[in-house]
Engineer: 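Here it is, the structure in full.
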Amino acid sequence: MPELPDVEGFRRTLASCAQGHRVARAEVADPGVLHGVTARRLKRDLEGRRFAAPRRHGKWLIAPTDGPTVVLHFGMTGRLVCGADSEPAGRFQRVAFDLDDGHRLGYEDQRKLQGIWLAATDDDIDRIIGDQGPDALSLSRADLDRLLAGRRGRVKATLTDQAVIAGLGNLLGDEILWHARIHPRRTVNSLTDDERDRLHTALREVLRASVRAERVPDDPDWLTGRRDDPDPHCPRCGNPLRRGRIAGRTSLWCPHCQREDA
DNA sequence: CCGTATGTTTCATT
DNA sequence: TAATGAAACATACG
């Protein structure tokens, strides 16, 4: 699930659920999601602390308190949910923060590919989230040109490289390239000015709609809406879509709209 | 048992 | 140095 739009939704969830509230109790159901901190220390350092305004960079959610900062990544299956602390915990709830108003903020994750970190300083945060490019949501056309300059890799791999641009994952990468009519295997240095223009426009439009929906929309007029079809066809031209492996992930594209040579 | 899944890191190789 | 592919991480599902 989680790419930039999903994590932006989690940021809103955290803000409306927990911002301004104190942690009455931190519960660790599965310490397997904790990184660099024990369950005991997480409880000791966070209980009694008050959540401030959360921020997001790419797929990372950064939640400061009046003590340490909680840093979260959702991997492929993680999510953040807000409910009443009386509700039964879901099967995949790994950590929960019971708040001073009876609400509970739950970190749920099936696969535990990522998890939760605790940071004491800004340097800690930087070290945890690693090398990140600028957030995809605030990327100008000039930024894009600057980021792509000098690169020779495939455009799909480059767009989804968090150290180049933060926030784009496999679904967004495919969706943006389909909107821009650029083949995912094209190299960055082969893109024309016009193609980089289309790429930037597609990136902005796909992100705007996705952030509004808090996910890449499952819209039949979008590529992603056809992704799970047994025999998917292009919503634009009707030709069969093609699947292939690029940058280690399954890519989906239209061989008619997105030509490899052009 | 096998392959696949919206992520990231590490390692070997080109 | 840049870039790529494969593997690993943990888990569910068909």
Side-chain angles (χ1 to χ4, degrees), chain A residues 1-10 29-36 56-61 71-80 90-95 107-117 125-133 135-137 147-179 184-191 203 206-207 209-211 213-219 222-232 241 243-253:
Chain A
M1 197 206 300
E3 300 179 67
L4 185 155
D6 311 83
V7 180
E8 179 59 19
F10 302 150
D30 186 344
V33 299
L34 299 183
H35 296 270
R56 180 193 56 73
H57 189 91
K59 303 173 190 174
W60 287 93
L61 183 57
V71 180
L72 309 98
H73 195 292
F74 300 91
M76 301 235 293
T77 51
R79 60 192 199 129
L80 211 50
R91 180 179 168 197
F92 298 120
Q93 182 172 288
R94 311 296 186 182
V95 173
Y107 177 88
E108 300 187 350
D109 189 19
Q110 176 195 116
R111 284 173 66 183
K112 300 188 283 184
L113 286 173
Q114 297 292 324
I116 296 177
W117 288 252
I125 297 174
D126 289 345
R127 188 173 37 73
I128 291 162
I129 73 175
D131 193 13
Q132 298 280 308
D135 190 80
L137 208 48
L147 291 169
L148 299 185
R151 298 195 164 269
R152 294 168 293 122
R154 292 166 171 170
V155 65
K156 168 83 183 279
T158 306
L159 282 181
T160 55
D161 183 343
Q162 304 305 296
V164 178
I165 301 171
L168 307 182
N170 198 37
L171 292 194
L172 279 172
D174 281 354
E175 191 67 51
I176 288 165
L177 289 168
W178 178 77
H179 278 252
R185 272 201 254 262
R186 290 282 304 285
T187 58
V188 165
N189 55 311
S190 78
L191 296 179
L203 187 148
V206 167
L207 271 186
S210 299
V211 166
E214 298 189 352
R215 56 170 297 177
V216 187
D218 191 21
D219 182 334
W222 280 33
L223 185 75
T224 303
R226 308 299 180 98
R227 201 166 182 102
D228 295 330
D229 291 357
D231 181 24
L241 296 171
R243 269 181 223 281
R245 207 126 184 114
I246 302 170
R249 314 301 307 279
T250 299
S251 286
L252 183 65
W253 71 91

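No hydrogens, no waters, no symmetry mates; every other heavy atom, side chains included, goes into these values. Chain letters run A, B, ... following the sequence lines, proteins first and then strands; every chain starts at 1. Owing to the predicted nature of the structure, the values given are computational and were not obtained by experimental measurement.
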Engineer: Expressed in whole Å, how much space separates the P atoms belonging to B:dG3 and C:dA6?
Structural biologist: 13 Å
Engineer: Does A:Arg243 reach a base, just sugar-phosphate, or nothing at all? Heavy atoms under 4.0 Å.
Structural biologist: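 Nothing, no nucleic acid heavy atom in range.
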Engineer: In whole angstroms, how far is the P atom of B:dT8 from the CG atom of A:Asp131?
Structural biologist: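 Rounded to whole Å, this separation is 13 Å.
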Engineer: In the strands shown, is C:dA6 matched to any nucleotide by a Watson-Crick or G-U wobble pair with both distances under 3.5 Å, and which?
Structural biologist: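 C:dA6 is paired, partner B:dT10.
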Engineer: Taking the inter-plane angle between the rings of A:Phe74 and A:Phe10 on a 0 to 90° scale, is it parallel (under 30°), tilted (30 to 60°) or perpendicular (over 60°)?
Structural biologist: tilted
Engineer: Round to a whole Å and report the spacing from CH2 of A:Trp60 to C1' of B:dT9.
Structural biologist: 11 Å
Engineer: Using the side-chain heavy atoms of A:Met76, tell me which of these nucleotides is nearest: B:dA5, C:dA10, C:dA12.
Structural biologist: B:dA5
Engineer: In whole angstrom, give the distance that lies between atom CD of A:Gln110 and atom P of B:dG7.
Structural biologist: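 It works out to 15 Å between those atoms.
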Engineer: Tell me the closest heavy-atom pair linking A:Leu223 and A:Leu241, and the distance in Å.
Structural biologist: CD1-CD1, 3.7 Å
Engineer: Please state how far atom CG in A:Leu171 lies from atom P in B:dA5, giving the value in whole angstrom units.
Structural biologist: 10 Å
Engineer: To check you understand the geometry: which heavy-atom pair defines the closest contact between A:Glu175 and A:Val206, and what is its length?
Structural biologist: CG-CG1, 3.9 Å
Engineer: With respect to the phosphate group of B:dT6, does any side-chain polar atom (N or O) of A:Arg249 fall under 4.0 Å of OP1 or OP2?
Structural biologist: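 True: A:Arg249 side-chain N/O within range (under 4.0 Å) of B:dT6 OP1/OP2.
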Engineer: For C:dA12, take OP1 and OP2 only and decide whether either is under 4.0 Å from a side-chain N or O of A:Thr77.
Structural biologist: no
Engineer: Would you kindly give the CD-to-C1' distance between A:Glu3 and B:dA5, to the nearest whole Å?
Structural biologist: 12 Å
Engineer: To the nearest Å, how far apart are A:Glu108 CD and C:dA10 P?
Structural biologist: 20 Å
Engineer: Assess whether a salt bridge exists between A:Asp109 and A:Arg79, defined as any Lys/Arg side-chain N lying under 4.0 Å from an Asp/Glu carboxylate O.
Structural biologist: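 No.
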Engineer: What integer number of Å spans the P atoms of B:dC1 and C:dA8?
Structural biologist: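 Between the two P atoms, the distance is 16 Å.
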Engineer: Using OP1 and OP2 only, check whether a side-chain N or O of A:His73 sits under 4.0 Å from B:dG7.
Structural biologist: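 A:His73 to B:dG7 OP1/OP2: no side-chain N or O under 4.0 Å.
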Engineer: Check each residue of residues 152-170 of chain A for a non-hydrogen atom within less than 4.0 Å of any atom in DNA chain B, then write out the ones that pass by number, or none.
Structural biologist: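 Heavy-atom contacts with DNA chain B come from A:Gln162, A:Gly169, A:Asn170.
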Engineer: Can you measure A:Leu61 atom CG to B:dG7 atom C1' for me and round it to whole angstrom units?
Structural biologist: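 From A:Leu61 CG to B:dG7 C1': 16 Å.
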Engineer: Between A:Tyr107 and A:Gln114, which heavy-atom pair has the shortest distance, and what is it?
Structural biologist: OH-C, 4.2 Å
Engineer: Does a side-chain N or O from A:Lys59 land closer than 4.0 Å to OP1 or OP2 of B:dG7, or not?
Structural biologist: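 A:Lys59 to B:dG7 OP1/OP2: side-chain N or O found under 4.0 Å.
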Engineer: Would you say A:Arg111 reaches C:dA12's phosphate, i.e. side-chain N/O to OP1/OP2 under 4.0 Å?
Structural biologist: no
Engineer: Any salt bridge linking A:Asp6 with A:Lys59? Criterion: basic side-chain nitrogen under 4.0 Å from a carboxylate oxygen.
Structural biologist: no
Engineer: Could you walk me through whether A:Asp218 and A:Arg227 satisfy the salt bridge (Lys or Arg N to Asp or Glu O under 4.0 Å) test, starting with their C-alpha distance in whole Å, then the side-chain angles of each, then the deciding distance to 0.1 Å, before giving a yes or no?
Structural biologist: CA-CA 9 Å; A:Asp218 191 21; A:Arg227 201 166 182 102; over 6 Å; no
Engineer: Considering only the P atoms, how many Å lie between C:dA3 and B:dT6, rounded to the nearest integer?
Structural biologist: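 Taking atom P in both C:dA3 and B:dT6, they lie 24 Å apart.
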Engineer: Determine the minimum heavy-atom distance between A:Pro2 and A:Gly78, stating which atoms define it.
Structural biologist: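 Distance-wise, the nearest heavy atoms are CG-O, 3.3 Å.
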Engineer: In whole Å, what separates the P atom of C:dT1 from that of B:dT8?
Structural biologist: 24 Å
Engineer: Whole angstroms only, please: what is the CG-P distance between A:Asp109 and C:dC9?
Structural biologist: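 After rounding, the gap between these two atoms is 17 Å.
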